[in-house]
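First comes the structure, then the notes that go with it.
Side chains are part of it too, since the values below use all heavy atoms of this structure and drop only hydrogens, waters and symmetry mates. Here is how names work: the chains are called A, B, and so on, in the same order as the sequence lines, proteins then strands, and each is numbered from 1. The structure displayed is predicted, hence computed values, not measured ones.
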Amino acid sequence: MQTLTVNGNNLEVDAEPDTPLLWVLREQLGLTGTKYGCGVAACGACTVHIDGMPVRSCQVQLQDVRPEETITTIEGLSPDLSHPIQQAWLELDVPQCGYCQSGQIMAAAAFLKDYPDPTDEDIKAGMTNLCRCGTYNRIKAGIKRAAELS
Amino acid sequence: MSVGKPLPHDAAHLHVTGAARYVDDIPAPANALSLAFGLSHVAAGTITAMDLSAVRAAPGVVAVLTAEDLPFDNDVSPSNHDEPLLATGEVHYMGQPVFMVVADSHLNARKAARLGRVEIDPRGPILSIESAMEADSRFEDGPRIWTKGDVGQALQDAPRRLQGRIEMGGQEHFYLEGHAALALPQEGGDMVVHSSTQHPTEIQHKVAEALGVPMNAVRVEVRRMGGGFGGKESQGNALAVACAVAARATGRPCRMRYDRDDDMVITGKRHDFRIDYDVGYDDTGRVLAVDFTQMTRCGWAMDLSLPVADRAMLHADNAYLLDAVRITSHRLKTNTQSATAYRGFGGPQGVLGIERVMDEVAHALGMDAADVRRRNYYRAMGDVAGGPAPRPADSPRSFPTEMKEGDIASRGSQAFDDDRAEVGVASENTTPYGMKVADFILHEMTDALLERCDYFARRDAIAQWNAENGLLKRGIAFSPVKFGISFTLTHLNQAGALVHVYQDGSVHMNHGGTEMGQGLFQKVAQVAASRFGIGVDRVKITATDTGKVPNTSATAASSGSDLNGMAVQAACDTIRDRIAACLAELHQCSAEDVRFADGRVRVGGEDMSFTRAVQTAYENRVSLSATGFYKTPDLAWDRIKGQGRPFFYFAQGAAVTEVVIDTLTGENRILRTDILHDAGASLNPGLDIGQVEGGYVQGAGWLTTEELVWDDKGRLTTHAPSTYKIPACSDRPGVFNVDLWDQPNPAQTVYRSKAVGEPPFMLGISAHLALSDACAACGPAYPDLQAPATAEEVLRAVTRARG
Ligand code: FES
Ligand code: FES
């Protein structure tokens with residue numbers, strides 16, 4: 001048994017200590033908004049925040065997470081869709097198939113904290129999640145719009 | 001009216017909160033089991049022994065199944081019955097499923113699958129085009145050959161002539177959501193299957209065969225896919241069938257998902273092609289004759305390779321009127337993954353062939369390549385006598401008395417289609433396959449685009465810039481696309497819909513199309529809302545379900561909204577007309593005078609809410625549920641002769657791409673892209689522009705960074721995102737302008753819109769041509785750039801250009 005703080009809740013989980021956090025979230029806690037895309041830190045579909053920092057949860061083992069660290073998933077980003085990234089994403093209709101978008105949104109939300117007024121070059125360098133639908137044009141526009149909104 | 005508005009994707013709110021459910025997100029019952037395949041480690045050979053005792057003894061394992069344990073059909077092919085779910089004696093590619101493990105968790109199943117000892121007596125695999133040609137290893141008896149005019153003579157008579165070859169690699173789909181399925185056993189041996197598939201009816205059919213039950217005992221549901229791109233037209237069969245068979249064997253729900261590397265190693269990809277060309281042309285850049293030889297590696301099983309190769313032939317002309325042309329197509333059987341559908345379905349390969357010809361002709365003449373292209377265009381819509389092509393005469397159809405071998409709902413079944421349409425060959429402005437091009441609008445589109453993006457001035461500026469810079473070179477290129485819309489297997493051009501209107505005025509809509517991100521559901525909902533004159537928020541879009549709409553075609557060939565939009569329209573109109581008739585009778589007026597708009601219904605002098613009108617109809621015992629059906633008119637196609645009208649219309653587009661290359665490293669970047677794309681009168685410009693952007697990015701990826709490599713044993717060495725590079729945010733063009741050419745489709749499509757899923761993919765070809773242009777700036781010779789134009793290939797092309 002291990003305690004995790006996820007989206008503001010303290011939760012007990014029972015899994016092997018080397019289980020990737022991604023699978024703990026999806027299979028133990030039923031938080032299926034976080035997606036599996038590659039399992040090798042290459043796509044970013046599994047991005048969540050730990051203490052506000054973006055991490056690729058397929059690369060974090062359960063045993064590496066301390067109980068006092070706060071984990072935020074897409075389900076906990078805002079209670080009411082009010083996060084500027086979510087707002088901008090809706091306004092510009094960024095997602096196509098949507099599968100990569102939880103990860104994109106979590107990565108963008110963290111990125112926006114570091115770059116409140118990002119340039120195109122900042123976005124190019126900072127947003128490394130993959131999207132096979134090719135929504136990159138709107139991801140860029142969405143981040144810029146979110147910067148205006150926040 | 002909601003049609004034509006840029007309304008957001010139907011699941012937009014769910015996507016940004018993580019609540020949108022994909023197959024592997026569906027909560028399975030607690031006793032659910034997970035599956036994994038044990039794979040062949042040899043590309044070709046005979047299985048001599050199998051020891052699976054360690055697999056059976058592994059933790060969590062409930063069952064291990066081989067081909068012998070399958071009670072009924074052991075086949076997941078969409079065409080030729082040549083694709084066993086589990087290998088039977090022979091193996092045909094490295095990665096072929098040999099046995100399957102059923103365990104209490106995904107991890108346990110996967111770990112156990114690695115413990116299998118399969119001994120295989122290897123044979124020398126056939127891997128390359130050369131070795132397949134040498135061994136005459138192919139599908140069909142020989143090459144398909146279509147001709148128009150006297151090619152031999154025209155080549156001989158042409159004042160100028162050139163020959164060349166372009167190799168183009170395949171492409172991994174890399175849908176972000178890998179394949180997944182979940183089978184839930186029901187009472188009486190029935191099965192419910194959730195699958196990430198573009199073709200629910202195909203899954204239903206294959207599962208029924210594998211369980212030895214009729215199709216009515218299997219129900220398949222698909223709410224959405226995390227990307228499909230053609231990769232989920234047939235390649236999901238294996239997982240769905242495996243889950244259903246295991247669920248039946250164990251009596252427990254079974255689920256399966258491929259890990260990314262398994263997905264890449266097991267499933268088919270885009271067909272790679274080699275195209276040889278022999279071209280006759282004149283001093284003005286007019287192409288007088290072309291002889292194309294297309295060779296493609298289809299992999300080990302037939303799958304959809306025949307229609308893919310047909311479509312490559314059908315697009316060997318792209319936008320150009322060719323008076324003398326021969327296309328020879330070799331469909332080669334190799335010991336590799338069975339190549340399958342991928343956005344464009346062979347079209348992009350065919351188009352790249354002729355675009356390459358235009359590029360080389362322009363280079364040889366020292367002319368601007370955009371000018372050469374325009375010189376060779378089909379004649380414009382207004383300049384073609386006689387308007388649209390005449391409706392071909394209906395030919396007598398044969399009605400087979402029993403079902404033919406193969407799957408009639410699959411594009412692969414055209415190998416068995418013996419329907420021979422008689423078609424007249426139109427004499428002017430015709431394609432190599434005898435179809436008159438009556439809706440060609442690329443002249444106007446090209447003028448508008450070149451003007452809008454300042455093509456000629458930028459061309460000159462780039463030449464100037466290149467003269468001043470030694471290390472970096474820029475390139476710019478224009479390319480058009482004309483893409484034929486319809487399934488080339490004519491009978492697939494049909495769709496059904498089911499619409500209910502409830503007493504509270506809310507609408508429940510279902511059709512045969514599947515949602516994979518293209519926005520189909522929202523577009524079709526907009527059609528439904530427009531027919532009833534209500535807001536789209538009152539239309540509920542429900543998961544595709546073989547129990548609601550049967551006998552669906554795959555959501556493929558860009559046909560989703562054309563077909564299903566029309567079917568939904570028909571269903572809505574039936575209900576609307578019933579309501580109108582009821583109200584007209586009550587108000588003593590004519591049904592035509594009943595108006596549905598803005599959520600209101602006006603009849604006689606009265607104005608009531610849509611809900612009130614619905615309630616009135618209900619109280620008067622009017623049925624508020626209807627099916628709708630649509631079939632595309634005016635199609636007739638003989639694929640053996642290569643003659644007829646396989647397409648209802650052509651969707652068109654034009655792009656200009658500017659790139660820069662580093663001549664020391666071959667590294668390159670897209671600087672700017674301008675696109676003008678024809679979506680007819682767009683049903684939803686927001687969604688359509690998204691498709692154009694995404695299609696372009698994917699097309700450019702295919703021709704630049706995405707390289708598939710097999711070693712000499714037949715092992716796919718690029719089976720992870722670390723070695724196979726799809727476009728990332730940093731590969732997005734620095735400037736990216738996309739506009740729609742918003743003109744109604746002359747063909748009678750739903751609200752005069754055009755299909756948009758695949759055509760823009762081919763606009764990515766302009767990126768490859770721009771790279772060729774940049775390489776050409778390095779020297780006098782033709783750079784002969786191959787595809788994909790990886791950094792290494794760009795370097796080689798630079799060297800070739802230097803001569
Ligand atoms: S699943 Fe974690 S980065 Fe791809
Ligand atoms: S929206 Fe489909 S992968 Fe990004």
Side-chain angles (χ1 to χ4, degrees), chain A residues 16 19 23 26-27 30-43 45 73-78 81 83 85-106 120-121 123-140, chain B residues 6-9 11-22 24-27 105-107 173-178 224-229 257 259-261 515-519 686-687 689-691 693-698 701 720-722 726-734 736 738:
Chain A
E16 296 296 319
T19 308
W23 297 110
R26 285 183 57 83
E27 291 182 345
L31 294 169
T32 53
T34 306
K35 303 299 185 203
Y36 166 84
C38 68
V40 294
C43 75
T73 69
I74 184 73
E75 290 91 345
L77 183 62
S78 74
L81 275 172
H83 193 283
I85 292 285
Q86 287 171 314
Q87 286 297 310
W89 251 235
L90 282 174
E91 201 179 302
L92 299 176
D93 199 27
V94 174
Q96 289 187 21
C97 82
Y99 194 82
C100 74
Q101 296 292 341
S102 317
Q104 302 282 5
I105 289 170
M106 296 310 283
D120 285 13
E121 285 306 312
I123 295 172
K124 249 186 186 179
M127 288 295 294
T128 56
N129 285 13
L130 296 177
C131 172
R132 190 43 151 171
C133 297
T135 62
Y136 299 123
N137 218 24
R138 290 195 192 171
I139 288 175
K140 183 195 87 171
Chain B
L7 299 177
H9 195 280
H13 279 80
L14 304 178
H15 285 151
V16 303
T17 52
R21 216 178 240 179
Y22 302 80
D24 203 47
D25 301 337
I26 297 171
S105 74
H106 174 80
L107 194 61
H173 300 85
F174 214 106
Y175 23 61
L176 253 274
E177 177 212 29
R224 63 172 59 80
M225 281 161 273
F229 315 118
R257 65 175 165 80
D259 278 15
R260 179 62 58 183
D261 51 345
E515 177 62 49
M516 59 194 113
Q518 80 278 44
L687 293 170
I689 287 177
Q691 286 299 293
E693 290 176 352
Y696 172 88
V697 167
Q698 219 172 63
S722 49
I726 69 166
C729 203
S730 53
D731 299 311
R732 190 186 59 83
F736 197 0
V738 177

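- Here the straight-line distance linking atom CG of Asn129(A) with atom CE of Met106(A) works out to 11.0 Å at 0.5 Å rounding.
- Interface remark: of the candidates Gln101(A), Arg26(A), Gln104(A), Glu121(A), Arg26(A) forms the most heavy-atom pairs closer than 4.5 Å to chain B.
- Contacts of Leu7(B) with chain A are made by backbone atoms alone, with heavy-atom separations under 4.5 Å and no side-chain atom involved.
- Annotation: maximal heavy-atom pairing with chain A below 4.5 Å, among Arg224(B), Gln691(B), Arg732(B), occurs at Arg732(B).
- Ranking Met516(B), Glu515(B), Gln698(B) against chain A, the residue ahead of the rest is Gln698(B), based on heavy-atom pairs under 4.5 Å.
- Neither the backbone nor the side chain of Arg21(B) comes within contact range of chain A, judged by heavy atoms closer than 4.5 Å.
- With a 4.5 Å cut-off on non-hydrogen atoms, Ala20(B) touches chain A through its backbone but not through its side chain.
- Ranked by non-hydrogen atom pairs under 4.5 Å with chain B, the options Ile74(A), Ile105(A), Asn137(A), Leu130(A) are led by Asn137(A).
- Only the side chain of Phe229(B) has a heavy atom closer than 4.5 Å to any heavy atom of chain A.
- Both the backbone and the side chain of His13(B) come within less than 4.5 Å of a heavy atom of chain A.
- Note: Tyr696(B) and Phe736(B) meet the aromatic proximity criterion, with ring centroids under 6.0 Å apart.
- Of the atoms belonging to Cys43(A), it is side-chain heavy atoms, and not backbone ones, that fall under 4.5 Å from chain B.
- No part of Gln518(B) comes within reach of chain A, as not one of its non-hydrogen atoms sits under 4.5 angstrom from that chain.
- The residues Asp24(B) and Lys35(A) are annotated as not salt-bridged, no charged nitrogen and carboxylate oxygen being separated by less than 4.0 angstrom.
- The distance from atom SG of Cys97(A) to atom CD of Glu177(B), rounded to the nearest 0.5 Å, is 8.0 Å.
- Of the inter-residue distances, the one linking Tyr36(A) atom OH with Asp25(B) atom CG reads 14.0 Å to the nearest 0.5 angstrom.
- For the pair Leu81(A)/Gln87(A), a side-chain contact is recorded, criterion being any heavy-atom separation below 4.5 Å from C-beta on.
- Residue contact with chain A, scored on non-hydrogen atoms closer than 4.5 Å, involves the backbone of Tyr175(B) exclusively.
- Taking the ring centre of Phe174(B) as origin, the terminal cationic atom of Arg260(B) falls inside the region bounded by 6.0 Å and 45° from the ring axis.
- Note on Thr17(B), Asp731(B), Asp261(B): by heavy-atom pairs under 4.5 Å with chain A, the leading option is Thr17(B).
- Of the listed residues Asp93(A), Thr19(A), Ile139(A), Thr73(A), the one with more heavy-atom pairs under 4.5 angstrom with chain B than any other is Asp93(A).
- Donor-acceptor pairing under 3.5 Å is lacking for the side chains of Ser105(B) and Glu27(A).
- Using bins of under 30°, 30° to 60° and over 60° for the plane-to-plane angle, the ring pair Tyr22(B)/Tyr99(A) lands in the perpendicular bin.
- For chain B, the option among Ala42(A), Gly33(A), Gly37(A), Ser102(A) with the highest count of heavy-atom pairs below 4.5 Å is Gly37(A).
- For the pair Met127(A)/Lys140(A), no side-chain contact is recorded, criterion being any heavy-atom separation below 4.5 Å from C-beta on.
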